[in-house]
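Every chain is numbered from 1, with letters handed out A, B, ... down the list of sequences.
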Amino acid sequence: MGTISLLTIVLLVLMVTVGGRQGWSAFWSLLLNFCCLFFAIVLVSWGLSPLWITLLAGTLILAQTIWLGVSDGFVAGRAFLSSMVVFLVLLGLIILVEHAAKVPGFGVEDTDALEGMSLAIGVPYAQVAVMVAGLCSLGAIAEAAISVAAGMATLLDEKVSTGKTSLFHAGLQIGRQIIGTALNTLFFGFFGGFLALFIWFAGLGYSFLTVVNDKVFVSEITIVLVSFVGVLLAVPVTAWLISWNEHPRQ
Amino acid sequence: MKLKGHQWWLWLIIMLLVGGGLFLFTKHDAWLYSRPVAVVTQVETTSRQRQRDQFKNTDYLVDQRLKVRLLNTRYRGQTLVVRNHYTVSETMSLHYRRGNQVFLSQLQAKKGRLSAMISGLKRDVVMVMLVWLVVVMLVLMMGNAGLRALASLVANTALFILVINLDLKWQGRGVLLLFSLLAVAFTVISLLLIMGPTRKMLAAFLATVVATTIAVTLSWLLIVLTHERGLYFESMMYVTQVQRPLFIAETLLGSLGAVMDVSSDIVATLFEVKRLHPTATRHQLFAAGRRVGQQVMGPLTNVLMLIFAAEMLTSSVLFLRNGNSWGYTFSMTMSLGITQSLVCGIGIILAIPLTSWLMAALIGKGGRLNGHN
């Protein structure tokens with residue numbers, strides 16, 4: 001058996017054992033999201049516009065993550081709505097940043113890996129860079145939105161708060177509690193993945209100013225920072241959305 | 001610190017002023033660089049050729065003639081002409097526009113005429129402005145919690161740089177030991193800044209360390225048992241040291257944040273449960289912990305999967321366009337990332353019963369709990 005199949009089975013068994021039915025649907029969301037990502041890649045390689053594919057795949061991935069991950073319909077609905085808003089705003093920011101930073105495709109550090117490949121492939125890599133940053137940030141946006149929505153739903157259930165402003169502030173307060181760990185998840189996720197690159201930089205004695213202008217580094221750090229912005233936006237947007245349209249829950 | 005009313009506006013104005021200052025400074029910081037920096041003042045496209053490769057990909061090869069004005073070195077203020085070639089797909093090359101600041105190499109003066117090659121774009125302005133945006137949002141929206149998160153990121157980055165330099169000094173020997181210690185230090189710093197030195201923090205710390213250790217060890221055992229079938233360590237990118245230990249170290253660090261996230265969520269909730277229902281039994285606490293875990297496991301495993309898999313997008317598209325099959329593309333560009341996200345997933349799931357059990361034992365009925373520290 002292949003290593004990946006075995007690890008997948010182990011993960012499935014653990015998820016079902018620990019999570020029961022919710023674990024089962026969490027596993028499906030993981031699998032479906034990966035399929036989505038894979039087919040997004042295939043479609044781009046067939047020549048479809050990466051920007052449109054990003055919108056399509058992004059919406060699907062958000063829907064799958066949220067509706068399969070959350071059992072409460074109210075929480076899922078609000079979390080999905082606010083993540084969509086944040087995703088669209090973030091895409092605007094990403095396009096702006098990628099336009100200014102110009103980090104499409106590969107850098108000099110990739111030269112070895114690309115040996116023998118044709119690079120004139122006719123795919124707009126400036127848009128592919130937007131796609132990478134957009135899709136990377138989705139998970140973090142969804143997670144933050146779900147946490148805030150779930151916390152506020154609990155407050156609504158307990159009828160603790162009255163009035164829109166105080167409910168909005170309660171949402172922000174919940175956001176303050178999760179922001180530290182949410183940022184850590186992203187920070188370590190990215191820095192773990194790029195340990196080798198950082199060792200490369202240090203080993204070849206890149207100066208600080210060289211690193212700050214390096215194509216590969218800038219493209220990575222842009223993704224991290226943009227995802228941070230996504231999480232930070234998700235908190236007030238979710239809190240506002242729920243307090244603005246507050247209905248007593250049955 | 002909770003920013004209120006006029007105080008908030010004051011901070012916003014200060015931050016905007018600082019942002020404007022930073023922007024102007026980085027726009028005019030060419031004197032900081034020893035490499036020649038120039039600004040593109042005029043762009044002229046000299047030729048545009050259709051190109052077709054053996055996989056029937058069509059692209060255009062464009063030649064640009066750029067007039068640039070030097071911003072530093074002793075030729076500052078002088079203009080010269082440089083050439084640039086790019087493909088419209090911009091896989092490796094760049095399309096420069098008027099106003100771009102660029103780096104030059106091999107700058108020399110022959111008979112009063114300057115010549116140089118273009119070697120890259122200056123990107124520090126965007127970087128600084130993006131960091132500024134994140135800091136402003138953290139401080140203005142999150143107040144004190146934002147400042148603590150910022151402190152944690154800064155401290156961890158500093159430590160990370162230090163350890164990488166140590167690793168190079170030891171020439172990659174003991175990578176695993178070094179980065180395991182780093183992981184422990186990361187956990188302590190992050191949790192201390194989020195929770196402070198409390199028993200909550202201790203419980204989250206223990207759970208994180210144990211869950212991550214078990215997940216990584218177990219996964220490595222499985223990888224060895226299956227003889228690494230389907231994994232291609234030679235496809236790891238940017239590798240300058242022995243691949244396998246580096247891969248484990250990467251996975252270890254990558255999963256740390258998410259595992260910490262689950263366990264601190266569970267710890268915080270269980271302390272709250274105990275405060276509201278002081279008579280909660282160990283069994284009830286364990287069940288409550290599991291419920292929290294069930295809620296976060298889906299979104300959290302997806303966060304890491306998306307980070308690890310979307311990173312591979314750039315090279316996957318290139319592989320597919322170069323006539324490779326789906327299977328080969330998957331193996332060469334995605335298999336390692338997927339493996340990493342599976343290991344992280346296992347760590348996240350293991351952390352749920354571990355943290356719940358640990359907390360139940362620590363504060364459940366029969367255990368000791370004084371107040372709610």
For the residue pair [X] and [Y], establish whether any side-chain heavy-atom pair is separated by less than 4.5 Å.
{"X": "A:Asn184", "Y": "B:Asn156", "answer": "yes"}
{"X": "B:Leu130", "Y": "A:Val97", "answer": "yes"}
{"X": "A:Pro104", "Y": "B:Leu94", "answer": "yes"}
{"X": "A:Thr181", "Y": "B:Met260", "answer": "no"}

Where do [X] and [Y] come nearest, in terms of heavy atoms and distance?
{"X": "A:His99", "Y": "B:Arg97", "value": "CE1-NH1, 4.3 Å"}
{"X": "A:Thr3", "Y": "B:Leu231", "value": "CG2-CD1, 4.0 Å"}
{"X": "B:Leu168", "Y": "A:Ala202", "value": "CD1-CB, 3.2 Å"}
{"X": "A:Ala26", "Y": "B:Gly298", "value": "CB-CA, 3.6 Å"}
{"X": "A:Gly180", "Y": "B:Ile194", "value": "C-CD1, 3.9 Å"}
{"X": "A:Arg176", "Y": "B:Gly143", "value": "NE-N, 4.4 Å"}

Measure [X] against the heavy atoms of chain A and call it side chain, backbone, both or neither at under 4.5 Å.
{"X": "B:Leu313", "answer": "both"}
{"X": "B:Ser264", "answer": "side chain"}
{"X": "B:Leu133", "answer": "side chain"}
{"X": "B:Ala183", "answer": "neither"}
{"X": "B:Gln51", "answer": "side chain"}
{"X": "B:Gln243", "answer": "neither"}
{"X": "B:Val303", "answer": "both"}
{"X": "B:Ile307", "answer": "both"}
{"X": "B:Arg35", "answer": "side chain"}
{"X": "B:Met312", "answer": "neither"}
{"X": "B:Ser219", "answer": "both"}
{"X": "B:Ser152", "answer": "side chain"}
{"X": "B:Leu222", "answer": "both"}
{"X": "B:Ile349", "answer": "both"}

inquiry  = Pairing donors with acceptors under 3.5 angstrom, does anything connect the side chains of B:Asn302 and A:Ser29?
reply    = yes

Based on non-hydrogen pairs under 4.5 Å, which of [options] is most in contact with chain A?
{"options": "B:Tyr33, B:Phe179, B:Phe247, B:Tyr238", "answer": "B:Tyr238"}
{"options": "B:Ala310, B:Pro353, B:Ala309", "answer": "B:Ala310"}
{"options": "B:Phe308, B:Phe160, B:Phe319, B:Phe55", "answer": "B:Phe160"}
{"options": "B:Thr157, B:Leu138, B:Leu318", "answer": "B:Leu318"}
{"options": "B:Ile161, B:Asp124, B:Leu225", "answer": "B:Asp124"}
{"options": "B:Asp59, B:Leu32, B:Asn57", "answer": "B:Asp59"}

Identify which part of [X] has an atom lying under 4.5 Å from any heavy atom of chain B, answering side chain, backbone, both or neither.
{"X": "A:Val42", "value": "both"}
{"X": "A:Leu114", "value": "side chain"}
{"X": "A:Thr222", "value": "both"}
{"X": "A:Leu7", "value": "both"}
{"X": "A:Leu68", "value": "neither"}
{"X": "A:Val70", "value": "neither"}
{"X": "A:Ser71", "value": "neither"}
{"X": "A:Ile121", "value": "both"}
{"X": "A:Phe228", "value": "side chain"}

Return yes if some donor-acceptor pair links the side-chain N/O of [X] with the main-chain N/O of [Y] below 3.5 Å, else return no.
{"X": "A:Tyr125", "Y": "B:Met92", "answer": "no"}
{"X": "B:Arg321", "Y": "A:Ser45", "answer": "yes"}
{"X": "B:Arg290", "Y": "A:Val18", "answer": "yes"}
{"X": "B:Thr87", "Y": "A:Ala120", "answer": "no"}
{"X": "B:Arg123", "Y": "A:Asn213", "answer": "yes"}
{"X": "A:Lys215", "Y": "B:Leu121", "answer": "no"}

key: Non-neighbouring partners of A:Trp46 that pass ring-ring contact (aromatic ring centres under 6.0 Å, His included), sequence neighbours left out   = none

ask   = When the ring planes of B:Trp326 and A:Phe38 are compared, do they come out parallel, tilted or perpendicular, using 30° and 60° as the limits?
value = perpendicular

request  = Please state whether the rings of A:Phe34 and B:Phe330 are parallel, tilted or perpendicular, taking 30° and 60° as the class boundaries.
outcome  = perpendicular

query = With B:Asp53, which residues qualify under salt bridge (charged side-chain N to carboxylate O under 4.0 Å, His left out), at least two apart?
reply = none

Which one of [options] has the most heavy-atom pairs closer than 4.5 Å to chain B?
{"options": "A:Gly2, A:Gly19, A:Ser118", "value": "A:Ser118"}
{"options": "A:Thr8, A:Val128, A:Ile146, A:Leu138", "value": "A:Thr8"}
{"options": "A:Ala196, A:Pro50, A:Gly69", "value": "A:Ala196"}

message = Walk me through whether B:Met141 and A:Leu172 qualify under side-chain contact (heavy atoms from CB on, under 4.5 Å).
response = CA-CA 8 Å; B:Met141 283 166 35; A:Leu172 286 189; over 6 Å; no

B:Met237 and A:Phe194: CA distance, side-chain angles, deciding distance, side-chain contact (heavy atoms from CB on, under 4.5 Å) verdict = CA-CA 9 Å; B:Met237 287 165 102; A:Phe194 275 80; over 6 Å; no

